[in-house]
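Everything on this sheet refers to the single structure shown next.
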Amino acid sequence: MLDKSEMIFGVRAVIEAIQAGKEIDKILVKKDIQSDLSKELFASLKGTLIPVQRVPVERINRITRKNHQGVIAFISSVTYQKTEDLVPFLFEQGKNPFFVMLDGVTDVRNFGAIARTCECAAVDAVIIPARGSASVNADAMKTSAGALHTLPVCREQSLRNTLQYLKDSGFRIIAATEKGDYDYSKANYTGPLCIIMGAEDTGVSYDNLALCDEWVKIPMLGTIESLNVSVAAGILIYEAVKQRNND
């Protein structure tokens with residue numbers, strides 16, 4: 001359960017938070033909401049990357065007993081960045097950028113664990129989609145052991161467009177997938193790099209796989225078909241660290 005200090009209740013309060021530029025992770029709206037104020041809310045959301053979920057009012061009532069007016073906004077624990085701002089900054093600093101992209105990873109504990117590994121491995125940023133991603137909430141912060149306080153998180157409208165931008169900027173894109181062509185240790189992780197990990201049930205989407213330079217897999221020697229995504233991410237990230245430190 002999120003701490004109540006991380007939520008904003010009521011239509012007007014949420015509108016004001018959006019207009020003030022607060023970092024909002026997502027907004028829950030009751031399914032049948034209809035009012036002039038709710039129309040103003042949806043108008044204020046245009047042009048933002050804030051995900052909106054229409055839910056039964058019972059779900060909102062389970063979260064709070066306050067007068068929510070059918071709307072709750074969840075405040076993000078981080079300030080999101082943009083990949084297109086970060087890439088030139090890193091190049092100007094003379095760095096060899098290293099990103100990890102998460103395609104459909106929705107479990108906050110997996111997200112937090114991956115962020116922790118990324119921080120330990122000096123990954124420059126984690127890239128997530130605006131919709132269909134884990135919330136950067138208190139549970140994610142706790143699992144990350146504080147890594148999310150320092151690790152940049154880029155939230156993007158389209159992962160496909162972001163991948164294309166990275167390719168155009170000279171990045172090598174490596175996908176972890178059971179469809180991989182060869183063992184993960186055979187890939188080239190040197191140079192500007194983005195590793196993309198998918199959800200455990202669906203994997204990296206085909207549209208995103210189509211833009212990747214290499215598809216790699218981790219050998220499964222037992223009877224279980226796949227690793228936890230945070231464990232798999234750690235294996236690839238530290239293979240990259242090994243190669244990049246020896247480059």
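Worth knowing before you read on, the calculation uses all heavy atoms, side chains too, and leaves out hydrogens, waters and symmetry mates.
Nearest heavy-atom pair, I114 versus A233, reported as atom, atom and distance to 0.1 Å: CG1-CB, 4.0 Å. The minimum heavy-atom distance between P97 and D124, with the atom names listed, is CA-OD2, 3.3 Å. P192 and N96 get closest at one heavy-atom pair: N-OD1, 2.9 Å. Between I33 and G70, the shortest heavy-atom distance links the atoms CD1-O, 4.3 Å. Between G132 and P129, the shortest heavy-atom contact is O-CG, 4.0 Å. Across all their heavy atoms, C118 and I237 have their closest contact at SG-CD1, 3.8 Å.
Between L148 and S77, the closest side-chain pair of non-hydrogen atoms is not below 4.5 Å. Side-chain contact between L166 and I127 is present, with at least one heavy-atom pair separated by less than 4.5 Å. Counting heavy atoms from C-beta outward, C120 and Y238 have side chains that approach closer than 4.5 Å. Two residues are said to be in side-chain contact when any heavy atoms from C-beta on lie closer than 4.5 Å; K22 and I8 meet this criterion. Proximity of Q157 to R131: side-chain heavy atoms (C-beta onward) are separated by under 4.5 Å at one or more points. In this structure, D25 and Y80 have side chains that are in contact, with non-hydrogen atoms separated by less than 4.5 Å. Side chains of T64 and M7 form no contact here, defined as non-hydrogen atoms less than 4.5 Å apart. Looking at heavy atoms from C-beta onward, K31 lies in side-chain contact with R54 at the 4.5 angstrom threshold.
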Without placing hydrogens or testing angles, list every side-chain donor-acceptor pair under 3.5 Å for residues 219-231, not counting sequence neighbours.
| from | atom 1 | to | atom 2 | distance (Å) |
| --- | --- | --- | --- | --- |
| N228 | OD1 | S230 | N | 2.8 |
| N228 | OD1 | S230 | OG | 2.4 |
| N228 | OD1 | V231 | N | 3.4 |
| N228 | ND2 | N110 | OD1 | 3.0 |
| N228 | ND2 | E200 | OE2 | 3.4 |

Subject >> CA sep, side-chain torsions, deciding dist, call: I173, L211, side chain to side chain contact (heavy atoms under 4.5 Å, CB included) >> reply: CA-CA 8 Å; I173 314 296; L211 288 173; over 6 Å; no
**OP:** Could you give me the CA-CA distance, side-chain angles and deciding distance for N61 and H68, then say whether side chain to side chain contact (heavy atoms under 4.5 Å, CB included) is met?
**Re:** CA-CA 8 Å; N61 289 338; H68 51 69; 2.7 Å; yes
Original post:
For K82 and E156, what are the C-alpha separation, side-chain angles and deciding distance, and is it a side chain to side chain contact (heavy atoms under 4.5 Å, CB included)?
Top reply: CA-CA 7 Å; K82 299 296 293 180; E156 302 294 349; 2.8 Å; yes
**OP:** Please assess L41 against L37 for the test side chain to side chain contact (heavy atoms under 4.5 Å, CB included), listing each intermediate value before the final yes or no.
**Re:** CA-CA 6 Å; L41 169 64; L37 206 52; over 6 Å; no
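Using a 4.0 Å cut-off between charged side-chain N and carboxylate O, E119 and R116 make no salt bridge. Using a 4.0 Å cut-off between charged nitrogen and carboxylate oxygen, E40 and R12 count as a salt-bridge pair.
Within the 3.5 Å criterion, the main-chain N or O of Y184 finds no donor-acceptor partner in the side chain of E239. Within the 3.5 Å criterion, the main-chain N or O of S76 finds no donor-acceptor partner in the side chain of E23. No side-chain donor-acceptor contact under 3.5 Å links W215 to the backbone of T177. One N or O on the side chain of Q243 and one on the backbone of Y189 form a donor-acceptor pair closer than 3.5 Å.
R109 contributes atom CZ, which lies 13.5 Å from atom OG of S144 (distance to the nearest 0.5 angstrom). If you take NZ on K30 and CD on Q69, they are separated by 9.5 Å, rounding to the nearest 0.5 Å. Once rounded to the nearest 0.5 Å, the distance linking CG of L102 with CZ of F111 reads 6.5 Å. Atom OG of S135 and atom CD1 of I75 lie 12.0 Å apart (nearest 0.5 Å). Between atom OG1 of residue T79 and atom CZ of residue R155 there is a gap of 11.0 Å, rounded to the nearest 0.5 Å. F98 CZ to L193 CG: the interatomic distance, rounded to the nearest 0.5 Å, is 5.0 Å.
Under the 4.5 Å side-chain heavy-atom criterion for ILVMFWY residues, no single connected hydrophobic cluster contains both V136 and F99. Grouping the Ile, Leu, Val, Met, Phe, Trp and Tyr side chains by contacts below 4.5 angstrom, directly or via other members, places M197 apart from L163. In the hydrophobic clustering of this structure, V241 groups with I174; members are Ile, Leu, Val, Met, Phe, Trp, Tyr whose side-chain heavy atoms approach within less than 4.5 Å, directly or through other members. By the rule that hydrophobic residues join a cluster once side-chain heavy atoms approach within less than 4.5 Å of another member, V204 and M101 end up as members of one cluster. There is a path of hydrophobic side-chain contacts, each under 4.5 Å, that joins V71 to I50.
Atom CZ of F89 has 12 or fewer heavy atoms from other residues, nucleotides or ligands within 6.0 Å.
The salt bridge (Lys or Arg N to Asp or Glu O under 4.0 Å) pairs that include a residue from residues 201-215 are K167-D213, R172-E214, where partners are two or more places apart or lie in different chains.
Each of I27, I72, L28, V29 was evaluated against Q53; a single residue qualifies, L28, per the side chain to side chain contact (heavy atoms under 4.5 Å, CB included) test.
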